[in-house]
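Below is one structure; the comments refer to it alone.
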Amino acid sequence: MVKVFDNIEVLKNIFIFSGFSLEELESMQQAAGEENFKKGQTIFLEGDSPLWIHLLKKGRIKLFKESAGGKETILRIVGAGESFGELVIFDGRPYSYSAKSMEAATILKIPRIRFLEMVRRNPSMSFEIVLELSRQLRDAQDTVQALAVERVERRIVNLLLKLSERIGQNEKGKMKIPVILTRQDIADMVGSTVETTIRIISRLSKAGYLETKGKTIFILDPKGLKSAPDEFF
């Protein structure tokens, strides 16, 4: 791991640090290290001790759980400018999931002890963290509810819309999801099979809601996709 560059702007744009003064950001930068990961490289495994808080500077990361049979369930895709792994930072218990890079990634890593010291000295930071963890908990609850009661078609639609809202890029009126997702990835995120996922994405494409180029997905009509009736499927 190498100490690096000027990451003040990176820290400033990450939600939990947005209220920091320049002096506080500089102090945090001095504590941070930067590490590069190749595509498919493991960042941490379920059961590892949380020694760092991770801030994604560049790339995409997937957080996932793996069954005894090796099947992955993707819990969240992390984009540049987001933090991850915060939930276990406070109680120090082992990670309950694993993290792996989906593409080449650069991560700022701040030692857990230093981070906790900063939180104790900054009540406003505690508030920002509560907001971020609340958002993550709400997303997790939404996912659990969707798996329990929603049809798989609606789960796929909602997943694509959520990714579009969080990390989508507007390209000539099309919303590009700028991360390579295999049909297996999508199936793992919604609790479906690859065959069913392929069939549903094909139908959505034929209906004019989506466009696929290889593994890249474009949403052509976000409003229409959101309001598509269940009867369509």
Side-chain angles (χ1 to χ4, degrees), residues 1-65 74-140 163 165-169 178-179:
M1 187 184 300
V2 182
K3 294 283 184 179
V4 272
F5 323 115
D6 184 359
N7 285 310
I8 295 295
E9 287 299 316
V10 177
L11 292 169
K12 187 189 301 182
N13 291 321
I14 290 177
F15 184 72
I16 59 177
F17 298 110
S18 58
F20 271 32
S21 67
L22 179 58
E23 182 180 0
E24 290 168 332
L25 290 171
E26 289 176 343
S27 175
M28 191 61 73
Q29 177 185 235
Q30 290 171 6
E34 185 172 298
E35 189 169 0
N36 295 313
F37 292 84
K38 298 178 181 178
K39 179 180 178 181
Q41 191 172 350
T42 298
I43 296 156
F44 58 76
L45 291 171
E46 182 175 352
D48 286 351
S49 297
L51 302 178
W52 316 87
I53 181 167
H54 299 83
L55 315 172
L56 185 57
K57 181 177 179 179
K58 182 180 71 175
R60 305 282 178 214
I61 299 296
K62 65 177 177 181
L63 308 181
F64 65 95
K65 289 186 72 70
I74 299 177
L75 306 175
R76 178 186 165 201
I77 292 178
V78 182
E82 295 183 309
S83 56
F84 61 100
E86 308 95 328
L87 286 173
V88 296
I89 287 295
F90 295 97
D91 64 11
R93 297 175 63 184
Y95 289 110
S96 58
Y97 50 83
S98 301
K100 183 182 293 185
S101 56
M102 301 182 74
E103 58 191 57
T106 301
I107 296 175
L108 299 184
K109 298 171 70 174
I110 298 172
R112 173 176 179 262
I113 294 175
R114 185 67 181 274
F115 179 74
L116 292 177
E117 289 174 352
M118 185 68 77
V119 172
R120 293 187 186 100
R121 295 199 302 266
N122 291 270
S124 61
M125 185 180 182
S126 300
F127 180 70
E128 301 296 341
I129 291 171
V130 168
L131 289 178
E132 174 61 18
L133 296 183
S134 296
R135 182 190 67 78
Q136 292 184 27
L137 178 59
R138 184 169 58 252
D139 286 347
L163 289 173
E165 290 169 2
R166 285 186 53 239
I167 60 175
Q169 298 174 349
V179 59

**OP:** Mind listing the closest non-hydrogen atom pair of Pro50 and Gly92 along with its distance?
**Re:** CD-O, 3.6 Å
Original post:
Side-chain contact, heavy-atom cut-off 4.5 Å: Arg76 with Lys62?
Top reply: no
**OP:** To the nearest 0.5 Å, tell me how far Ile53 CD1 sits from Ser83 OG.
**Re:** 5.0 Å
Original post:
Judged by modelled atom types alone, do Ser27 and Arg114 share a side-chain donor-acceptor pair under 3.5 Å?
Top reply: yes
Original post:
Just by modelled atom types, is the Ser96 backbone N or O under 3.5 Å from a matching donor or acceptor in the Lys65 side chain?
Top reply: yes
**OP:** Please tell me if the side chains of Val10 and Leu55 come closer than 4.5 Å, counting only heavy atoms from C-beta onward.
**Re:** no
Subject >> Main-chain N/O of Asn7 paired with Gln29 side-chain donor or acceptor, under 3.5 Å >> reply: yes
**OP:** Would you name the heavy atoms of Arg112 and Asp91 that are closest together and state the gap between them?
**Re:** NH2-C, 3.9 Å
Subject >> Ile113, CD1 atom: more than 12 neighbouring heavy atoms under 6.0 Å >> reply: no
Original post:
Between Met28, Lys57, Glu26, which is the residue that forms a side chain to side chain contact (heavy atoms under 4.5 Å, CB included) with Leu11?
Top reply: Met28
Original post:
Nearest 0.5 Å, what's the CE-NZ distance between Met102 and Lys39?
Top reply: 8.5 Å
Original post:
Which atom pair, heavy atoms only, marks the closest approach of Ala31 to Pro111?
Top reply: O-CD, 3.1 Å
**OP:** Measure the spacing between NE2 of His54 and CG of Leu63 and express it to the nearest 0.5 Å.
**Re:** 10.0 Å
Original post:
Distance from Glu35 atom CD to Thr106 atom OG1, nearest 0.5 Å?
Top reply: 10.0 Å
Original post:
Side chains of Phe37 and Ile107: closer than 4.5 Å at any heavy-atom pair?
Top reply: yes
Original post:
With a 4.5 Å limit on heavy-atom distance, are the side chains of Tyr97 and Phe44 in contact?
Top reply: yes
Original post:
What is the distance from atom CZ of Phe84 to atom CD1 of Ile77, rounded to the nearest 0.5 Å?
Top reply: 13.0 Å
Subject >> Distance in Å, Ser101 OG paired with Ile61 CD1, rounded so as to fall on 0.5 Å steps >> reply: 5.0 Å
